[in-house]
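Numbers for residues simply follow the sequence, beginning at 1. All of these numbers come straight from a predicted model, not from anything done at the bench.
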Amino acid sequence: FFFVFFLFFPVAMRNRLCLLAMLTCLVSPLWGFYLPGVTPVEYPMGSPVRIKVNSITSTKTAIPYDYYDLPFCLPWGKNPRPQVENFGEILWGDSIKPSPYITHMGVNITCRRVCPTNPSAKEMKRLKDRIEEGYRGQLIVDNLPVSEIFTQKIKGFRTFMLGYPLGTPKQPKTAFTPMVPKTQINNHLSLTIKYHKPSDFATAEKGYRIVGFHVMASSWNHDENSCQRDDSKNAGWYPRQGNPVTVDDTTIVYSYSVTWIEDTELAWSSRWDPYLSSAETDAKIHWFSIVNSLLIILFLSGMVAMIMLRALHKDFNRYNDPDNADEAQEETGWKLVHGDVFRKPPYPAMLATYIGTGCQLLGMAVITTIFALLGFLSPANRGGLLTAMLLLFILLGSYAGYVSARMCKMFRCQSWYNIFFTGTFYPGQVFGVFFFMDLTLWGMHASNAVPFTTLLALVGLWLCVSLPLVFVGAVVGYKRPVIEFPVDVNVIPRNIPEQRWYMKTPFTVLMAGILPFGAAFIELFFILSSLWLNRFYYVFGFLALVFLILIVTCAEITIVMVYFQLCYEDYRWWWRSFFISGSSGFHLFLYSIFYFATTLRMRKFWSTVIYFGWMLVISYTFTIITGTIGFVASFFFVHYIYGSIKVE
C-alpha cells in the first residue's frame with residue numbers, strides 16, 4: 001500500500017495528505033468519541049437491567065435463525081423488531097431483540113416462570129430439528145454475550161462457549177455420555193451476572209458496572225409446587241435431574257433464575273479478557289506461526305540479497321564498464337531482453353483493473369488493521385469490523401481509479417470504459433455471489449438474509465458513492481505524466497527460447513504460491529475458526545505482524561522468480577508477477593476444503609454451498625491482494641535493474 005502510494009501519488013499530493021494526517025492527530029484529542037458497548041454504563045442498586053436475545057447459531061450449519069422463530073415466550077406477547085446499530089450487524093446476521101427475562105441490579109431470583117407454551121406439531125418438529133443440529137441460544141446483557149463455562153480437569157483451564165444449548169438430542173449411552181432416550185428441551189436458564197464497583201468515588205456514586213454474564217441451561221418439567229409466583233417460597237429450589245421436558249410433551253413452561261455476584265478483581269475495562277482467554281492459551285501457536293514465517297523470510301531474503309549483491313552487482317559492473325566493451329557486447333541473461341521487458345502485456349486494461357482493485361483492498365486491509373490495533377474495533381462493537389471494511393472499501397474507490405488510470409496511461413490504453421470496468425468488475429462479482437447467497441438465505445428464512453431495503457442501500461453506496469469516487473481518482477490519474485520506462489521497446493518482439501519444465505508458468509506459479517500461504521496459514525486457521533466456529537479472534541497484534549510478514553514474503557518470492565525468468569530470456573513478466581504470489585489464494589481455497597473435511601461438521605447441502613461460496617470470495621480477494629503486492633514489488637525491481645545499465 002505504501003509502496004504504491006509513493007509510486008503513483010505526486011509529491012505535492014503526498015505532502016498535503018501527510019499534513020492532513022498530522023493535523024487530524026493533533027486535533028482529534030479535542031473531541032471525545034463513543035462506540036456502542038465501549039463506554040461503561042452504571043446501574044444503581046435495584047435499577048432494571050435489560051436482557052436481550054440474539055440469533056440462534058450452530059457450528060454444524062452456516063445458517064443463523066431468529067430467536068423467536070422457535071416456540072419461545074415472546075415479550076409483550078408479540079415478536080419485536082430487531083434493534084440494528086450498523087450495516088455490519090445486518091450482514092453478520094445479528095438479530096438483537098428484547099427478551100421476556102426481567103431482572104434488577106443486585107436482586108437475586110431463585111425461580112421465576114416466564115410463560116407456558118403449547119407448540120404445534122410443526123413447531124415442535126422445528127424445535128427438535130434445531131436441537132439435533134446443535135443450535136445455541138444467545139443472550140446479551142449490557143452488550144456482553146452470555147457464555148457457558150467449562151473447566152478442564154487435567155490442566156484446569158477455563159474455556160468459555162458462547163450461548164447455551166437449546167436442548168439435548170437423543171443419544172445412546174457411551175463411555176463419556178449418559179443415554180438420552182428422547183430429545184430434551186432446556187426450558188430453565190440459570191443466569192449468573194457479575195458486577196463490579198468502580199474504584200473512583202464519583203463513578204461509584206452512580207452505581208455498579210456489569211463485568212460477567214454466564215448461563216447454565218437445564219430441562220425441568222415444572223409442577224404446581226415448583227417455581228411459585230412468590231419467590232420467597234422457592235428458597236433452596238434448583239432444577240434437578242430426572243424430570244426433563246421432552247419433545248413429546250404438549251406444554252412447555254419456561255423459567256429462569258438470576259444470581260448476582262460482586263467481583264472485586266475483574267474491572268469493567270478487563271471484562272472481555274475471560275472471553276478472549278482462549279486466544280491467550282493459543283499464544284504459543286501464534287508465536288510458532290510467526291517463527292515459521294520469519295524462517296521463510298530469512299530464506300527468501302538470503303536469495304534476494306544474493307541476487308542483488310552478487311549477481312546483479314557483477315552484471316552492472318560488467319555492462320557499465322567502458323574498458324570492457326567487447327565483453328559487454330556479448331550480452332547474456334536478463335540484459336538480452338532489455339528491448340522487450342517493458343512490452344505491453346496481453347489484456348493490459350484487465351491487469352490495470354486488478355492492480356487498481358488490489359491497491360484498494362490492500363489499503364482497506366492496512367487501515368482496518370491499524371484501527372484494530374488502536375482498539376477502535378472492540379468485540380463489544382458488534383458489526384464494527386464489517387462496517388469499517390465496507391466504508392473503507394467504498395472511500396478508497398478513488399485510490400483504485402487513480403492507480404488504474406496511471407497504469408492505463410502507462411500501457412497506452414486509457415479509456416473511461418476501463419475506469420468503469422475498474423469500479424464494477426470486482427464489486428460486481430462479489431455482489432453476484434452475495435445476492436445468490438442472500439436468495440438462498442431468504443428461502444430458508446435465516447436471520448442473516450439481508451432485507452431488500454439494505455440491498456438497495458448497498459447498491460446505492462456502490463453506484464452512487466464508490467463508482468463516482470473511482471472516476472474522481474481516474475481524473476487525477478489521467479492528468480499525471482505518464483510513467484516512463486528506463487529502456488525503449490523494440491518494434492519487433494524477440495523470440496523466447498524454449499523454457500525448461502520447471503520454468504514454465506503453471507509450475508512456477510503454483511509452487512511459488514506455497515511460500516506466501518505457508519507464512520500465514522496457521523493464522524488463517526484461527527481466522528476461519530472465528531468465522532465458522534463462533535470463536536473470538538482479537539489478537540490483532542499477531543495478525544498485524546503476520547500480515548507484514550506476508551507482504552514481505554509475497555514481494556521477495558515474486559522478485560526471485562521474475563529474476564530467474566528474465567535470466568532465461570522470458571520477458572513476459574507482467575501477468576506472471578501477479579499470479580506468482582496471487583496463487584496463494586488458490587492454496588487458501590484448497591486449505592478451506594481440507595478445513596471443511598477435517599474440522600467442520602457441516603453436512604447439509606445449503607450449508608456446504610454457503611461455506612464454499614464465501615470461501616471462494618475470500619480466496620479470490622486474497623489472490624488479488626497478494627498478487628498486487630507481488631506485481632508492485634516486481635515493477636520496482638525490473639524498473640531499477642534496467643535503469644541501472646547502459647543500453648546503446
Side-chain angles (χ1 to χ4, degrees), residues 34-54 96 99 101 103-109 136-153 155-164 189-217 256-284 286 372-382 384 530 534-542:
Y34 171 77
L35 294 176
V38 176
T39 300
V41 178
E42 289 78 26
Y43 297 90
M45 189 62 67
S47 62
V49 177
R50 296 181 179 180
I51 299 178
K52 302 177 183 179
V53 298
N54 202 351
I96 301 176
S99 77
Y101 304 110
T103 185
H104 294 77
M105 169 59 71
V107 179
N108 293 331
I109 300 175
R136 300 178 67 84
Q138 307 291 339
L139 301 179
I140 300 172
V141 64
D142 193 38
N143 224 0
L144 203 62
V146 75
S147 64
E148 284 187 299
I149 302 178
F150 298 94
T151 304
Q152 295 184 7
K153 295 182 180 180
K155 297 183 178 181
F157 288 147
R158 290 202 314 167
T159 58
F160 292 78
M161 193 170 186
L162 291 179
Y164 65 90
L189 300 181
S190 299
L191 304 175
T192 301
I193 305 178
K194 295 182 179 181
Y195 62 96
H196 177 83
K197 189 174 183 178
S199 56
D200 59 294
F201 179 78
T203 307
E205 289 293 320
K206 298 179 181 179
Y208 300 86
R209 295 173 178 174
I210 295 176
V211 296
F213 187 31
H214 310 298
V215 64
M216 185 173 64
Y256 68 102
S257 60
V258 180
T259 302
W260 291 85
I261 300 176
E262 184 175 5
D263 193 327
T264 57
E265 297 181 356
L266 183 62
W268 183 91
S269 59
S270 305
R271 66 175 186 167
W272 281 94
D273 290 354
Y275 294 87
L276 307 176
S277 59
S278 60
E280 297 297 330
T281 57
D282 295 330
K284 293 182 179 179
H286 288 285
L373 288 173
L374 295 176
F376 286 99
L377 301 179
S378 167
N381 186 20
R382 288 177 181 81
S530 70
N534 296 330
R535 296 177 182 173
F536 277 110
Y537 182 86
Y538 200 61
V539 283
F540 290 112
F542 286 114

Let me confirm one number: the [atom1]-[atom2] distance from [X] to [Y], rounded to the nearest 0.5 Å.
X: L144; Y: W268; atom1: CG; atom2: CH2; result: 10.0 Å
X: Y43; Y: R50; atom1: OH; atom2: CZ; result: 9.0 Å
X: I51; Y: I140; atom1: CD1; atom2: CD1; result: 11.5 Å
X: L266; Y: Y195; atom1: CG; atom2: OH; result: 13.5 Å
X: K194; Y: T259; atom1: NZ; atom2: OG1; result: 12.0 Å

Could you pull out the closest heavy-atom pair between [X] and [Y], with the gap in Å?
X: V53; Y: S99; value: CG1-CB, 3.5 Å
X: V211; Y: H196; value: CG1-CB, 3.7 Å
X: L162; Y: N534; value: CD1-O, 3.8 Å
X: P198; Y: G207; value: CD-O, 3.4 Å
X: N143; Y: P145; value: O-CD, 3.9 Å
X: L189; Y: A217; value: CD2-CB, 3.8 Å

Mind running side-chain contact (heavy atoms from CB on, under 4.5 Å) on H104 and V49 for me, showing each step along the way? CA-CA 5 Å; H104 294 77; V49 177; 6.0 Å; no
Under 4.0 Å between a Lys/Arg side-chain N and an Asp/Glu carboxylate O for E42 and R209?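 Counted as a salt bridge, because a side-chain N and a carboxylate O are separated by less than 4.0 Å.
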Are any side-chain N or O atoms of S47 and backbone N or O atoms of P44, one a donor and one an acceptor, separated by less than 3.5 Å?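 Flag set: sc S47 to bb P44 pair under 3.5 Å.
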Look only at the side chain of W260 and the backbone of N108, and say whether a donor-acceptor pair between them is shorter than 3.5 Å.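 Not confirmed, W260 side chain does not pair with N108 backbone.
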How would you list, by chain and number, every residue that makes a side-chain hydrogen bond (donor to acceptor under 3.5 Å, both in side chains) with Y101, sequence neighbours excluded?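 side-chain hydrogen bond (donor to acceptor under 3.5 Å, both in side chains) list for Y101, sorted by chain: empty.
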Heavy-atom side-chain proximity of V141 to L191 below 4.5 angstrom: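 No, side chains not in contact.
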Answer yes or no: is there a side-chain heavy-atom contact under 4.5 Å between M105 and I210?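 Sidechains of I210 and M105: in contact.
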Does the pair L139 and Y256 meet the rule for a side-chain contact (heavy atoms from CB on, under 4.5 Å), with working shown? CA-CA 13 Å; L139 301 179; Y256 68 102; over 6 Å; no
In this structure, is the centre-to-centre distance between the rings of H214 and F160 below 6.0 Å?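 Yes.
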